[in-house]
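Have a look at the structure below, then the notes.
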Amino acid sequence: MSRTRAWTLLALTAFWPLAGSRPVELLAGAREPNLGSNPPELGVVRWERDLDRGLAESRQDRKPALILFQEIPGCGTCVGFGRQVLSHPLLVEAIETEFVPIAIHNNRGGRDREVLARFSEPAWNNPVLRFVDGGGRDVVPRRDGLYSPHQVAKRLIEALAAAGRPIPDYLELARDETHLAAFEPAAFGMHCYWQGEAKLGAIAGVVATRAVWREGGEAVEVMFDRDALSYRELVRKASAAGCAARVFTRDDDQHRTARALVGERAVRGAGSGRSASGSDQKHSLERSPLRLLPLTPMQATRVNAALALGTDPQRWLSPRQRGLVRTIERALAADPNRLAGLARPETVEDLAAYETRLRARL
(Lines give C-alpha, C1' and ligand atoms only; values in the text may rest on other atoms or scores of the structure.)
Protein backbone atom coordinates (compact mmCIF):
# COMPACT_ATOMS: atom_id res chain seq x y z
CA MET A 1 0.00 0.00 0.00
CA SER A 2 1.38 3.47 -0.87
CA ARG A 3 2.22 5.97 1.86
CA THR A 4 -0.47 8.27 0.48
CA ARG A 5 -3.13 5.58 0.67
CA ALA A 6 -2.05 4.47 4.13
CA TRP A 7 -2.06 8.02 5.51
CA THR A 8 -5.43 8.73 3.98
CA LEU A 9 -6.96 5.58 5.44
CA LEU A 10 -5.55 6.42 8.85
CA ALA A 11 -6.95 9.94 8.70
CA LEU A 12 -10.33 8.82 7.45
CA THR A 13 -10.56 6.16 10.14
CA ALA A 14 -10.06 8.87 12.75
CA PHE A 15 -12.09 11.61 11.13
CA TRP A 16 -14.80 10.24 8.83
CA PRO A 17 -17.22 7.33 8.86
CA LEU A 18 -16.54 6.02 5.37
CA ALA A 19 -13.47 4.16 6.59
CA GLY A 20 -14.79 3.33 10.05
CA SER A 21 -15.56 -0.02 11.62
CA ARG A 22 -18.60 -0.70 9.44
CA PRO A 23 -17.94 -1.80 5.85
CA VAL A 24 -18.76 0.87 3.31
CA GLU A 25 -22.06 -0.07 1.75
CA LEU A 26 -22.38 2.77 -0.73
CA LEU A 27 -21.65 2.30 -4.39
CA ALA A 28 -17.75 2.97 -4.27
CA GLY A 29 -35.66 24.77 15.54
CA ALA A 30 -34.91 21.70 14.56
CA ARG A 31 -36.26 18.31 15.43
CA GLU A 32 -34.09 16.21 17.71
CA PRO A 33 -32.48 13.12 16.16
CA ASN A 34 -34.91 10.27 15.65
CA LEU A 35 -32.42 7.64 16.77
CA GLY A 36 -33.89 4.21 17.31
CA SER A 37 -37.40 4.80 15.97
CA ASN A 38 -36.56 4.66 12.26
CA PRO A 39 -35.46 1.66 10.25
CA PRO A 40 -31.77 2.09 9.35
CA GLU A 41 -32.63 2.96 5.75
CA LEU A 42 -34.24 6.22 6.97
CA GLY A 43 -31.41 7.34 9.22
CA VAL A 44 -32.37 9.67 12.07
CA VAL A 45 -34.45 12.18 10.08
CA ARG A 46 -38.01 12.76 11.28
CA TRP A 47 -40.00 12.03 8.15
CA GLU A 48 -43.55 12.86 7.18
CA ARG A 49 -45.16 9.77 5.70
CA ASP A 50 -48.23 11.38 4.15
CA LEU A 51 -47.51 13.15 0.86
CA ASP A 52 -50.55 15.42 0.98
CA ARG A 53 -49.78 16.61 4.52
CA GLY A 54 -46.16 17.19 3.55
CA LEU A 55 -47.04 19.23 0.48
CA ALA A 56 -49.54 21.28 2.51
CA GLU A 57 -46.76 22.05 5.00
CA SER A 58 -44.48 22.97 2.11
CA ARG A 59 -47.04 25.46 0.82
CA GLN A 60 -47.66 26.90 4.26
CA ASP A 61 -44.01 27.28 5.24
CA ARG A 62 -42.84 28.14 1.73
CA LYS A 63 -40.16 25.50 1.89
CA PRO A 64 -39.40 22.94 -0.79
CA ALA A 65 -40.36 19.38 0.03
CA LEU A 66 -37.72 16.66 -0.07
CA ILE A 67 -39.21 13.31 -1.02
CA LEU A 68 -37.13 10.23 -0.32
CA PHE A 69 -38.08 7.16 -2.35
CA GLN A 70 -36.45 4.33 -0.43
CA GLU A 71 -36.54 0.54 -0.30
CA ILE A 72 -37.38 -0.62 3.27
CA PRO A 73 -36.12 -3.12 4.19
CA GLY A 74 -33.45 -2.50 1.62
CA CYS A 75 -30.13 -3.59 0.18
CA GLY A 76 -26.70 -2.56 1.40
CA THR A 77 -26.81 0.67 -0.59
CA CYS A 78 -30.12 1.63 1.06
CA VAL A 79 -28.85 0.83 4.56
CA GLY A 80 -25.56 2.61 3.90
CA PHE A 81 -27.44 5.68 2.68
CA GLY A 82 -29.41 5.79 5.92
CA ARG A 83 -26.37 5.33 8.12
CA GLN A 84 -23.94 7.62 6.33
CA VAL A 85 -26.08 10.31 4.68
CA LEU A 86 -29.36 10.41 6.61
CA SER A 87 -27.54 10.24 9.95
CA HIS A 88 -24.92 12.92 9.23
CA PRO A 89 -25.86 15.60 11.81
CA LEU A 90 -25.47 18.61 9.54
CA LEU A 91 -27.30 16.99 6.63
CA VAL A 92 -30.08 15.86 8.99
CA GLU A 93 -30.49 19.38 10.33
CA ALA A 94 -30.61 20.85 6.84
CA ILE A 95 -33.16 18.28 5.69
CA GLU A 96 -35.38 18.86 8.72
CA THR A 97 -35.19 22.66 8.85
CA GLU A 98 -34.75 23.82 5.26
CA PHE A 99 -37.11 21.29 3.67
CA VAL A 100 -40.23 19.32 4.46
CA PRO A 101 -38.95 15.72 4.50
CA ILE A 102 -41.34 13.05 3.19
CA ALA A 103 -40.46 9.34 3.05
CA ILE A 104 -42.09 7.02 0.52
CA HIS A 105 -41.44 3.26 0.59
CA ASN A 106 -40.78 2.09 -2.95
CA ASN A 107 -41.49 -1.57 -2.16
CA ARG A 108 -44.97 -1.32 -0.65
CA GLY A 109 -48.47 -1.18 -2.01
CA GLY A 110 -51.30 1.15 -1.09
CA ARG A 111 -50.64 4.86 -0.80
CA ASP A 112 -46.89 4.43 -1.30
CA ARG A 113 -47.45 2.73 -4.64
CA GLU A 114 -49.82 5.53 -5.70
CA VAL A 115 -47.14 8.11 -4.96
CA LEU A 116 -44.60 6.10 -6.96
CA ALA A 117 -46.95 6.12 -9.92
CA ARG A 118 -47.62 9.86 -9.57
CA PHE A 119 -43.89 10.63 -9.77
CA SER A 120 -43.06 7.82 -12.24
CA GLU A 121 -40.57 6.32 -9.76
CA PRO A 122 -39.55 2.66 -10.16
CA ALA A 123 -40.37 0.15 -7.44
CA TRP A 124 -37.71 -1.76 -5.51
CA ASN A 125 -35.11 0.86 -6.33
CA ASN A 126 -32.06 2.37 -4.66
CA PRO A 127 -32.70 5.67 -2.80
CA VAL A 128 -33.78 8.66 -4.85
CA LEU A 129 -34.24 12.20 -3.52
CA ARG A 130 -36.78 14.44 -5.27
CA PHE A 131 -37.13 18.15 -4.49
CA VAL A 132 -40.57 19.57 -5.22
CA ASP A 133 -42.64 22.64 -4.45
CA GLY A 134 -45.95 22.65 -2.60
CA GLY A 135 -47.73 21.59 -5.77
CA GLY A 136 -45.49 18.57 -6.29
CA ARG A 137 -43.55 20.09 -9.19
CA ASP A 138 -39.82 19.42 -9.37
CA VAL A 139 -37.68 22.31 -8.10
CA VAL A 140 -34.61 20.78 -9.76
CA PRO A 141 -34.59 18.03 -12.41
CA ARG A 142 -34.68 14.49 -11.07
CA ARG A 143 -31.31 12.79 -10.54
CA ASP A 144 -30.48 9.39 -9.16
CA GLY A 145 -27.25 7.65 -8.21
CA LEU A 146 -26.39 10.28 -5.58
CA TYR A 147 -25.44 8.21 -2.55
CA SER A 148 -22.51 9.90 -0.80
CA PRO A 149 -22.74 12.66 1.85
CA HIS A 150 -20.86 15.03 -0.47
CA GLN A 151 -23.19 14.42 -3.41
CA VAL A 152 -26.26 14.92 -1.22
CA ALA A 153 -24.88 18.08 0.41
CA LYS A 154 -24.29 19.56 -3.05
CA ARG A 155 -27.80 18.53 -4.10
CA LEU A 156 -29.39 20.14 -1.04
CA ILE A 157 -27.56 23.37 -1.83
CA GLU A 158 -28.63 23.20 -5.48
CA ALA A 159 -32.27 22.72 -4.51
CA LEU A 160 -32.24 25.59 -2.03
CA ALA A 161 -30.66 27.89 -4.60
CA ALA A 162 -33.25 26.88 -7.22
CA ALA A 163 -36.04 27.60 -4.70
CA GLY A 164 -34.59 31.03 -3.92
CA ARG A 165 -33.77 30.04 -0.35
CA PRO A 166 -30.61 31.10 1.55
CA ILE A 167 -27.84 28.52 1.90
CA PRO A 168 -26.90 27.89 5.55
CA ASP A 169 -23.20 28.21 6.33
CA TYR A 170 -23.19 24.86 8.12
CA LEU A 171 -24.50 23.12 5.00
CA GLU A 172 -21.68 24.56 2.92
CA LEU A 173 -19.27 23.31 5.59
CA ALA A 174 -20.82 19.83 5.31
CA ARG A 175 -20.31 19.94 1.54
CA ASP A 176 -16.65 20.91 1.94
CA GLU A 177 -15.95 18.40 4.71
CA THR A 178 -17.31 15.47 2.73
CA HIS A 179 -15.32 16.16 -0.46
CA LEU A 180 -13.19 13.09 0.20
CA ALA A 181 -12.01 12.58 -3.38
CA ALA A 182 -10.02 15.83 -3.26
CA PHE A 183 -8.41 15.35 0.15
CA GLU A 184 -4.64 15.21 0.51
CA PRO A 185 -2.48 14.87 3.65
CA ALA A 186 0.36 17.15 4.71
CA ALA A 187 2.47 17.50 7.86
CA PHE A 188 4.34 20.33 9.54
CA GLY A 189 6.75 20.47 12.46
CA MET A 190 6.69 23.38 14.90
CA HIS A 191 7.56 24.30 18.47
CA CYS A 192 3.99 23.84 19.80
CA TYR A 193 1.30 21.67 18.28
CA TRP A 194 -1.40 23.46 20.28
CA GLN A 195 -0.63 26.63 18.34
CA GLY A 196 -0.10 24.62 15.19
CA GLU A 197 -3.57 23.08 15.30
CA ALA A 198 -5.05 26.52 15.91
CA LYS A 199 -3.22 28.34 13.14
CA LEU A 200 -3.35 25.58 10.53
CA GLY A 201 -6.97 24.78 11.41
CA ALA A 202 -7.96 28.36 10.57
CA ILE A 203 -6.68 28.14 6.99
CA ALA A 204 -9.48 27.89 4.44
CA GLY A 205 -9.18 24.55 2.68
CA VAL A 206 -7.83 22.67 5.70
CA VAL A 207 -10.52 20.20 6.77
CA ALA A 208 -8.92 18.37 9.72
CA THR A 209 -5.87 18.52 11.97
CA ARG A 210 -4.16 16.13 14.36
CA ALA A 211 -1.42 16.82 16.91
CA VAL A 212 1.42 14.28 16.69
CA TRP A 213 5.00 13.57 17.69
CA ARG A 214 7.18 13.22 14.64
CA GLU A 215 10.94 12.64 14.46
CA GLY A 216 11.40 13.73 18.05
CA GLY A 217 9.38 16.94 17.87
CA GLU A 218 5.87 18.31 17.89
CA ALA A 219 4.01 18.37 14.60
CA VAL A 220 0.54 18.71 13.13
CA GLU A 221 -0.80 16.48 10.40
CA VAL A 222 -3.54 18.04 8.32
CA MET A 223 -5.97 16.95 5.67
CA PHE A 224 -6.65 19.61 3.06
CA ASP A 225 -8.88 19.93 0.02
CA ARG A 226 -6.59 20.39 -2.96
CA ASP A 227 -9.51 21.76 -5.02
CA ALA A 228 -9.78 24.63 -2.55
CA LEU A 229 -6.14 25.02 -1.49
CA SER A 230 -2.99 24.02 -3.35
CA TYR A 231 -0.12 22.38 -1.51
CA ARG A 232 2.12 25.29 -2.48
CA GLU A 233 -0.28 27.79 -0.90
CA LEU A 234 -0.68 25.62 2.19
CA VAL A 235 3.09 25.55 2.73
CA ARG A 236 3.29 29.31 2.20
CA LYS A 237 0.54 29.96 4.73
CA ALA A 238 1.95 27.49 7.25
CA SER A 239 5.38 29.15 6.95
CA ALA A 240 3.90 32.65 7.34
CA ALA A 241 2.06 31.46 10.47
CA GLY A 242 5.28 30.12 12.02
CA CYS A 243 4.12 26.53 11.68
CA ALA A 244 6.72 25.19 9.27
CA ALA A 245 9.96 24.73 11.18
CA ARG A 246 9.99 21.48 9.23
CA VAL A 247 7.78 20.42 6.34
CA PHE A 248 7.40 16.65 6.14
CA THR A 249 6.75 15.69 2.56
CA ARG A 250 5.02 12.50 1.49
CA ASP A 251 6.11 12.23 -2.15
CA ASP A 252 8.39 13.75 -4.77
CA ASP A 253 5.85 16.37 -5.85
CA GLN A 254 5.37 17.67 -2.32
CA HIS A 255 9.11 17.59 -1.69
CA ARG A 256 9.96 19.63 -4.79
CA THR A 257 7.31 22.19 -3.93
CA ALA A 258 8.29 22.47 -0.26
CA ARG A 259 12.01 22.60 -0.98
CA ALA A 260 11.50 25.48 -3.41
CA LEU A 261 9.68 27.39 -0.66
CA VAL A 262 11.47 26.50 2.58
CA GLY A 263 14.75 24.96 1.46
CA GLU A 264 16.38 22.52 3.87
CA ARG A 265 13.36 22.64 6.15
CA ALA A 266 11.65 20.28 3.69
CA VAL A 267 12.14 16.77 5.08
CA ARG A 268 11.15 13.53 3.43
CA GLY A 269 8.90 11.73 5.91
CA ALA A 270 7.32 8.29 5.70
CA GLY A 271 4.03 7.32 7.30
CA SER A 272 2.37 9.17 10.13
CA GLY A 273 3.58 10.48 13.43
CA ARG A 274 2.70 9.14 16.85
CA SER A 275 -0.56 10.69 17.97
CA ALA A 276 -0.32 13.10 20.87
CA SER A 277 -2.42 12.39 23.95
CA GLY A 278 -6.12 13.12 23.92
CA SER A 279 -5.66 16.13 26.20
CA ASP A 280 -3.32 17.67 23.59
CA GLN A 281 -5.74 17.29 20.68
CA LYS A 282 -7.79 20.43 19.91
CA HIS A 283 -6.40 21.96 23.09
CA SER A 284 -8.59 25.08 23.22
CA LEU A 285 -11.75 23.21 22.30
CA GLU A 286 -11.18 20.55 24.94
CA ARG A 287 -11.11 23.26 27.62
CA SER A 288 -14.40 24.78 26.52
CA PRO A 289 -18.03 23.67 27.02
CA LEU A 290 -18.18 23.46 23.21
CA ARG A 291 -16.17 20.22 23.45
CA LEU A 292 -19.41 18.47 24.39
CA LEU A 293 -21.21 19.43 21.19
CA PRO A 294 -21.74 16.75 18.52
CA LEU A 295 -19.27 18.47 16.20
CA THR A 296 -18.06 17.01 12.94
CA PRO A 297 -14.26 16.85 12.52
CA MET A 298 -14.09 19.97 10.37
CA GLN A 299 -16.29 21.85 12.82
CA ALA A 300 -14.06 20.77 15.68
CA THR A 301 -11.01 21.97 13.73
CA ARG A 302 -12.56 25.38 13.00
CA VAL A 303 -14.03 25.87 16.49
CA ASN A 304 -10.73 24.99 18.14
CA ALA A 305 -8.94 27.50 15.91
CA ALA A 306 -11.50 30.22 16.65
CA LEU A 307 -11.25 29.70 20.41
CA ALA A 308 -7.44 29.76 20.32
CA LEU A 309 -7.21 32.80 18.06
CA GLY A 310 -9.95 34.83 19.76
CA THR A 311 -12.47 34.83 16.90
CA ASP A 312 -16.13 33.83 17.10
CA PRO A 313 -16.58 30.03 17.22
CA GLN A 314 -20.35 30.33 16.83
CA ARG A 315 -20.04 31.01 13.11
CA TRP A 316 -19.10 27.36 12.60
CA LEU A 317 -22.13 26.00 14.44
CA SER A 318 -25.60 25.17 13.17
CA PRO A 319 -28.68 26.71 14.83
CA ARG A 320 -29.37 23.43 16.63
CA GLN A 321 -25.82 23.38 17.97
CA ARG A 322 -26.01 26.99 19.12
CA GLY A 323 -29.12 26.21 21.12
CA LEU A 324 -27.47 23.13 22.55
CA VAL A 325 -24.45 25.19 23.68
CA ARG A 326 -26.71 27.37 25.82
CA THR A 327 -28.32 24.31 27.38
CA ILE A 328 -24.91 22.79 28.11
CA GLU A 329 -23.64 26.00 29.69
CA ARG A 330 -26.69 26.24 31.95
CA ALA A 331 -26.31 22.60 32.98
CA LEU A 332 -22.62 23.01 33.80
CA ALA A 333 -23.28 26.23 35.73
CA ALA A 334 -25.78 24.36 37.91
CA ASP A 335 -23.61 21.25 38.29
CA PRO A 336 -20.05 21.14 36.89
CA ASN A 337 -20.13 17.33 37.02
CA ARG A 338 -23.47 16.97 35.27
CA LEU A 339 -21.92 15.77 32.00
CA ALA A 340 -18.86 14.00 33.38
CA GLY A 341 -17.78 11.01 31.33
CA LEU A 342 -19.26 12.20 28.03
CA ALA A 343 -16.79 12.46 25.18
CA ARG A 344 -17.49 13.44 21.58
CA PRO A 345 -16.91 10.45 19.26
CA GLU A 346 -14.33 10.60 16.49
CA THR A 347 -16.53 9.32 13.68
CA VAL A 348 -19.45 11.19 12.14
CA GLU A 349 -21.68 8.11 12.07
CA ASP A 350 -21.56 7.94 15.90
CA LEU A 351 -22.57 11.58 16.46
CA ALA A 352 -26.34 10.99 16.38
CA ALA A 353 -26.15 8.37 19.13
CA TYR A 354 -23.85 10.64 21.12
CA GLU A 355 -26.27 13.56 20.80
CA THR A 356 -29.09 11.39 22.10
CA ARG A 357 -27.00 10.44 25.17
CA LEU A 358 -26.04 14.07 25.70
CA ARG A 359 -29.61 15.32 25.57
CA ALA A 360 -30.70 12.60 27.97
CA ARG A 361 -28.18 13.92 30.50
CA LEU A 362 -29.18 17.56 30.15
Side-chain angles (χ1 to χ4, degrees), residues 12 15-18 20 22 24-27 29-35 38-48 63-70 77-103 126-131 139-140 143-161 163 165-181 207-208 293-300 302 316-322 324 344-345 347-356:
L12 294 182
F15 295 143
W16 294 283
L18 293 181
R22 286 193 185 97
V24 178
E25 293 175 316
L26 302 184
L27 294 185
R31 303 169 173 98
E32 294 183 10
N34 199 30
L35 192 71
N38 279 347
E41 294 87 351
L42 293 181
V44 299
V45 176
R46 291 189 179 275
W47 299 96
E48 171 62 63
K63 296 179 181 179
L66 183 160
I67 308 176
L68 169 67
F69 295 93
Q70 176 70 301
T77 298
C78 299
V79 173
F81 190 78
R83 287 176 174 168
Q84 298 175 4
V85 175
L86 302 179
S87 298
H88 187 294
L90 300 183
L91 299 185
V92 170
E93 183 163 352
I95 288 169
E96 291 183 339
T97 59
E98 303 299 327
F99 301 88
V100 178
I102 306 167
N126 285 324
V128 174
L129 295 175
R130 295 280 291 268
F131 299 87
V139 173
V140 290
R143 286 188 62 191
D144 56 17
L146 304 178
Y147 303 132
S148 75
H150 181 63
Q151 289 172 322
V152 171
K154 288 177 61 178
R155 189 66 165 162
L156 294 174
I157 290 170
E158 181 184 353
L160 289 174
R165 305 272 301 177
I167 313 300
D169 290 343
Y170 71 87
L171 182 55
E172 293 184 327
L173 184 147
R175 174 200 60 200
D176 297 343
E177 179 170 22
T178 55
H179 193 197
L180 302 183
V207 296
L293 287 173
L295 300 172
T296 69
M298 187 171 176
Q299 283 187 302
R302 292 286 189 264
W316 303 109
L317 305 181
S318 70
R320 173 186 286 171
Q321 290 168 332
R322 293 187 193 113
L324 193 52
R344 185 183 69 254
T347 56
V348 174
E349 68 178 353
D350 294 324
L351 287 176
Y354 168 76
E355 183 174 345
T356 297

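- With a 4.5 Å cut-off on side-chain heavy atoms, Ser148 and Thr178 do not count as touching.
- Taking every heavy atom of both residues into account, Gln151 and Gly145 meet most closely at OE1-O, 3.9 Å.
- Between the side chain of Glu177 and the main chain of Met298, a donor-acceptor pair closer than 3.5 Å is present.
- The structure places CZ of Arg344 at 8.0 Å from CG of Leu351, a figure rounded to the nearest 0.5 Å.
- Side-chain atoms of Leu129 and Arg143, non-hydrogen and from C-beta on, never get closer than 4.5 Å to each other.
- Between the side chain of Glu98 and the backbone N or O of Ala94 there is no donor-acceptor pair closer than 3.5 Å.
- Counting all heavy atoms, side chain and backbone alike, Ala159 lies closest to Val140 at CA-CG1, 4.0 Å.
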Problem - Check against side chain to side chain contact (heavy atoms under 4.5 Å, CB included), Leu90 and Val348 - result: CA-CA 10 Å; Leu90 300 183; Val348 174; over 6 Å; no
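- With hydrogens and angles ignored, the 3.5 Å screen pairs no side-chain donor or acceptor of Ser87 with any backbone N or O of Gln84.
- Side-chain atoms of Leu146 and Lys154, non-hydrogen and from C-beta on, never get closer than 4.5 Å to each other.
- Contact between Ala352 and Val44 at its shortest, heavy atoms only, is CB-CG1, 4.1 Å.
- Taking OH from Tyr354 and CG from Leu293, the interatomic distance works out to 7.5 Å, rounded to the nearest 0.5 Å.
- At least one side-chain heavy atom of Leu86 sits less than 4.5 Å from a side-chain heavy atom of Trp47.
- For the pair Asn126/Phe81, no side-chain contact is recorded, criterion being any heavy-atom separation below 4.5 Å from C-beta on.
- Summarising the geometry of Leu91 relative to Leu156, their closest heavy-atom pair is CD2-CD1, 4.1 Å, with the distance given to 0.1 Å.
- Classification of the His150-His179 ring pair by plane angle, with boundaries at 30° and 60°, yields parallel.
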Exercise for the section: Under the side chain to side chain contact (heavy atoms under 4.5 Å, CB included) rule, what do Leu173 and Thr296 come out as? Steps first, then yes or no, please. Expected result: CA-CA 10 Å; Leu173 184 147; Thr296 69; 4.1 Å; yes
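- One distance of note links CD1 of Ile157 with CD1 of Ile167; it measures 6.0 Å at 0.5 Å rounding.
- To the nearest 0.5 Å, atoms CZ (Phe131) and CG (Leu160) are separated by 8.0 Å.
- The side-chain heavy atoms of Pro127 and Leu68, taken from C-beta on, include a pair separated by under 4.5 Å.
- Side chains of Glu93 and Gln321: a donor-acceptor N/O pair is absent below 3.5 angstrom, by distance only.
- Minimum heavy-atom separation, Ala163 to Val139: N-CG1, 3.9 Å.
- Of the possible polar contacts, one joining the Asn38 side chain to the Gly43 backbone as a donor-acceptor pair under 3.5 Å is found.
- A donor-acceptor pair under 3.5 Å is absent between the side-chain atoms of Glu41 and the main chain of Gln70, judged by distance alone.
- Nearest heavy-atom pair, Gln299 versus Trp316, reported as atom, atom and distance to 0.1 Å: NE2-O, 2.8 Å.
- With hydrogens and angles disregarded, a donor-acceptor distance shorter than 3.5 Å links the side chain of Arg322 to the backbone of Leu317.
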